[in-house]
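In listed order, ligands and their atoms are each counted from 1. One-based numbering along the sequence shown.
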Amino acid sequence: MAKQDLILLALNPAPILDLMDRTLRAAGFEVARAYDKSGLDKSVQESIPALMIIGERFAEQEGLSVSKEMLERFPTLPIILYAERDVTGLAKSALKLGLSGYLYPPLRMDDIVEEVQKSLARGRKLGDWLRREVKRTTSSLAEKAEISETERNKLEAIIANIQDGVIVVDHHKNILFVNRAIREIFSLDGKELTGKSLADVIENADLKALLVRSNEGPLKYHEINFDDGRVFNAQYTPIPKIGAAVTMQDISYLKELDRLKSDFIHTVSHDLRSPLTSILGYTELIERTGPLNENQTEFLQRLQGSIQHITALVNDLLDLGRLEAGFDTRREIVHLESVLKYSLDMFDGQIKKKNIQLTKEIMQDLQSIRANPIRIRQMMDNLIGNAIKYTPVEGSISVSISMREHQIILKVDDTGPGIPPEEQSHVFEKFYRATNAPEGVEGSGLGLAIVKSIVESHQGRVWVESTLGKGSSFSVLLPTQE
Ligand code: ADP
C-alpha cells in the first residue's frame with residue numbers, strides 16, 4: 001500500500017467524519033478535509049488526492065451531482081459515496097455515474113479501509129491501463145512519423161535525382177525547392193535559392209513568360225529556349241496550400257528531329273514545284289497539238305485537276321516551312337474589314353452555288369493591325385474557305401469582326417458537321433483531318449496549321465469551339481496597332 005496516498009473527505013461535519021479521518025490515518029493514509037464546494041475544488045486541484053469520499057449530501061448539495069462534476073473534470077479520480085442509509089436506488093445511481101465505491105452505516109473501521117483500498121487498487125489499474133494506452137498510441141504515432149520521414153526522404157531523393165527539372169514555389173512565386181537538374185539546366189551551382197523570388201534568380205525570358213501565363217491556371221506546354229540551342233518543355237502545376245511546381249523536360253532532340261523533318265518536307269516540296277509546273281504546262285500544250293476526242297479531253301481535265309491539287313499542297317507546305325522558320329517579317333498597316341471584303345468577294349461564287357446564307361457583322365471604328373496583308377488574307381481565306389467547304393448546301397455562315405481593349409476579334413461561325421470534342425485540339429496540327437470530315441470533301445489537313453502559324457507570328461491566338469452536328473466557331477485574336 002502506498003503510505004502517502006492522500007484521501008480527501010468531503011463530508012458534512014458529523015461523528016462519521018471523525019471516524020473516517022481517524023481510521024484512515026491509522027491505516028497509514030494522509031487525510032484532508034473539505035468543508036464546502038470551493039474548498040473541495042481547491043483541494044482536488046492542488047493536493048491531487050488519490051481518492052475522495054463524498055457524503056450523500058455535501059455542503060448543501062447532492063453528493064452525486066458534485067461527484068458527476070468532479071468526474072467530468074478528473075475522470076480517473078476514484079470516488080466513494082457515503083450514504084446515510086443503504087438505498088438501492090442510490091447505489092445504482094452511484095455505479096451508473098462511474099463512482100468506484102459505496103459505503104453506508106453501520107460502518108466498521110475495517111469496512112472503510114477495505115473499501116478505500118479496493119477503490120485505490122481499481123484506480124491504479126485504470127491509471128496503469130491509461131498510461132499503457134498513451135504509451136502505445138505515442139509509440140505507434142512515433143512509428144508512423146518515422147515511416148513518413150523515411151517516405152519523405154525517399155521522395156526527396158527521387159525528386160533530387162530525376163533528370164527532369166523541378167522547381168517548387170510558394171504563392172508569391174518565391175522558391176521553396178529546386179532539384180539538381182534545375183541547377184544544371186540554369187547553371188546555378190551552389191547558389192542559395194530558397195526564399196528568393198524565382199523571377200529574380202533565374203534570368204530567362206521564357207521562364208518569366210511562363211510565370212506571367214501561369215495566372216491563367218495549369219499549363220501543360222510552354223517552351224523554354226536557351227541561347228545554346230537547348231529547348232525544354234515546361235509545365236506549371238498549382239499545388240493547393242503550397243503554391244506551384246514547375247517541371248521541365250529536355251525536348252532538344254525532339255525539336256531537332258522536327259527541324260530535320262521540316263527541312264526534308266521543305267526540300268521535297270521545293271524540288272517538286274518545278275516538275276509540276278512543267279507537267280501542267282505540257283498538259284496545256286497537248287490541247288494545242290491537234291483535236292482531241294472526248295475521252296482524251298476528259299482525262300486531260302482530270303490530270304490537270306490532280307496537278308493543281310498537288311501544286312496547292314506543295315505551296316501550302318512551302319508556306320508553312322517559311323512561316324515556321326520565321327521568315328515572315330513583313331509588317332504593314334492592315335484593315336481587317338477590307339481584307340474580309342476581298343476574301344468574301346472571292347468566295348461569292350461558291351457561296352451562291354451552295355445557296356449558303358451569309359451574315360456579316362463588323363464593328364464600327366475598328367482599329368488597324370500591323371501585319372503582313374498577304375498572310376492575313378491567307379488566314380481569312382482558309383477559315384472562310386473551310387466554313388464553306390464543310391457547311392452543307394442551304395447552311396449558314398456568319399463572319400464578324402469586333403474589338404475589345406487592344407485586340408481585334410475575328411469570328412467565323414458555320415452550321416457544318418462540327419468537330420468531335422476530343423479532336424478539337426488537334427485540328428491545328430499539320431496533316432490532321434477530323435474523323436468526321438464528310439466524305440468527298442477534299443483537304444490536306446494543312447489549312448488550319450497555316451492559320452495557326454500566321455496568327456502566332458502576329459502575336460495572336462486562334463481557337464475553335466464546336467458542337468458535333470451543329471457547327472463550328474473559329475476565333476482569331478490579334479493585337480491592334482497600339
Ligand atoms: P483540310 O484541308 O482537311 O480542310 P484544315 O487544316 O483546314 O485541313 O482543317 C483540319 C480539319 O479540321 C479538317 O480536315 C476538318 O476535319 C476540320 N475542320 C476544319 N474546319 C472545319 C469546319 N469549319 N467545320 C468542320 N470541321 C472543320
**Request:** Could you give me the CA-CA distance, side-chain angles and deciding distance for Glu203 and Lys208, then say whether salt bridge (Lys or Arg N to Asp or Glu O under 4.0 Å) is met?
**Result:** CA-CA 8 Å; Glu203 279 298 325; Lys208 285 185 182 165; 3.3 Å; yes
**Item:** Under 4.0 Å to a heavy atom of Tyr432 - the qualifying atoms of ligand 1, by number
**Value:** 10 (C), 11 (C)
**Request:** Answer side chain, backbone, both or neither: which part of Ser472 comes under 4.0 Å from ligand 1, heavy atoms only.
**Result:** side chain
Acceptor/donor pairs from residues 285-294 side chains to any protein atom, 3.5 angstrom cut, sequence neighbours excluded:
residue	atom	partner	partner atom	Å
Thr289	OG1	Ile286	O	2.4
Asn293	OD1	Asn295	N	3.2
Asn293	OD1	Gln296	N	2.8

**Message:** For Glu192 versus Lys196, what's the shortest heavy-atom pair and its separation?
**Reply:** O-NZ, 2.9 Å
**Message:** Under 4.0 Å from a heavy atom of Leu446: which atoms of ligand 1 are those, numbered in the order shown and with their elements?
**Reply:** 6 (O), 8 (O)
**Request:** Examine Gly445 against ligand 1 and note whether any of their N/O atoms are separated by less than 3.5 Å.
**Result:** yes
**Complete:** Here the atoms of ligand 1 under 4.0 Å from any heavy atom belonging to Gly447 are 5 (P), 6 (O), 7 (O)
**Request:** List every atom of ligand 1 that sits less than 4.0 Å from any heavy atom of Val427, numbering the atoms from 1 in the order shown and giving each element.
**Result:** 10 (C), 12 (O)
**Asked** Any salt bridge between Glu223 and Lys255, counting N to O under 4.0 Å?
**Response** yes
**Prompt:** With the threshold set at 4.0 Å, does a side-chain nitrogen-carboxylate oxygen contact exist between Glu133 and Lys135?
**Reply:** no
**Item:** Nitrogen or oxygen of Ala437 less than 3.5 angstrom from that of ligand 1
**Value:** no
**Request:** Report the member of Leu448, Thr415, Asp414 with the shortest heavy-atom distance to atom 5 (P) of ligand 1.
**Result:** Leu448
**Prompt:** Is Asp128 paired with Lys125 through a side-chain N to carboxylate O contact shorter than 4.0 Å?
**Reply:** no
**Request:** Sorted by first residue and then second, give each side chain to side chain donor-acceptor pair (under 3.5 Å) pair with at least one member in residues 307-317; sequence neighbours left out.
**Result:** Arg273-Asn315
**Message:** Checking the N or O distance criterion of under 3.5 Å, is ligand 1 in contact with Ala449?
**Reply:** no
**Request:** Check ligand 1 against Lys389 and write out every atom of the ligand that is under 4.0 Å from a heavy-atom position of the residue.
**Result:** 1 (P), 2 (O), 4 (O)
**Item:** Residue portion contacting ligand 1 (non-hydrogen atoms closer than 4.0 Å) for Glu442
**Value:** neither
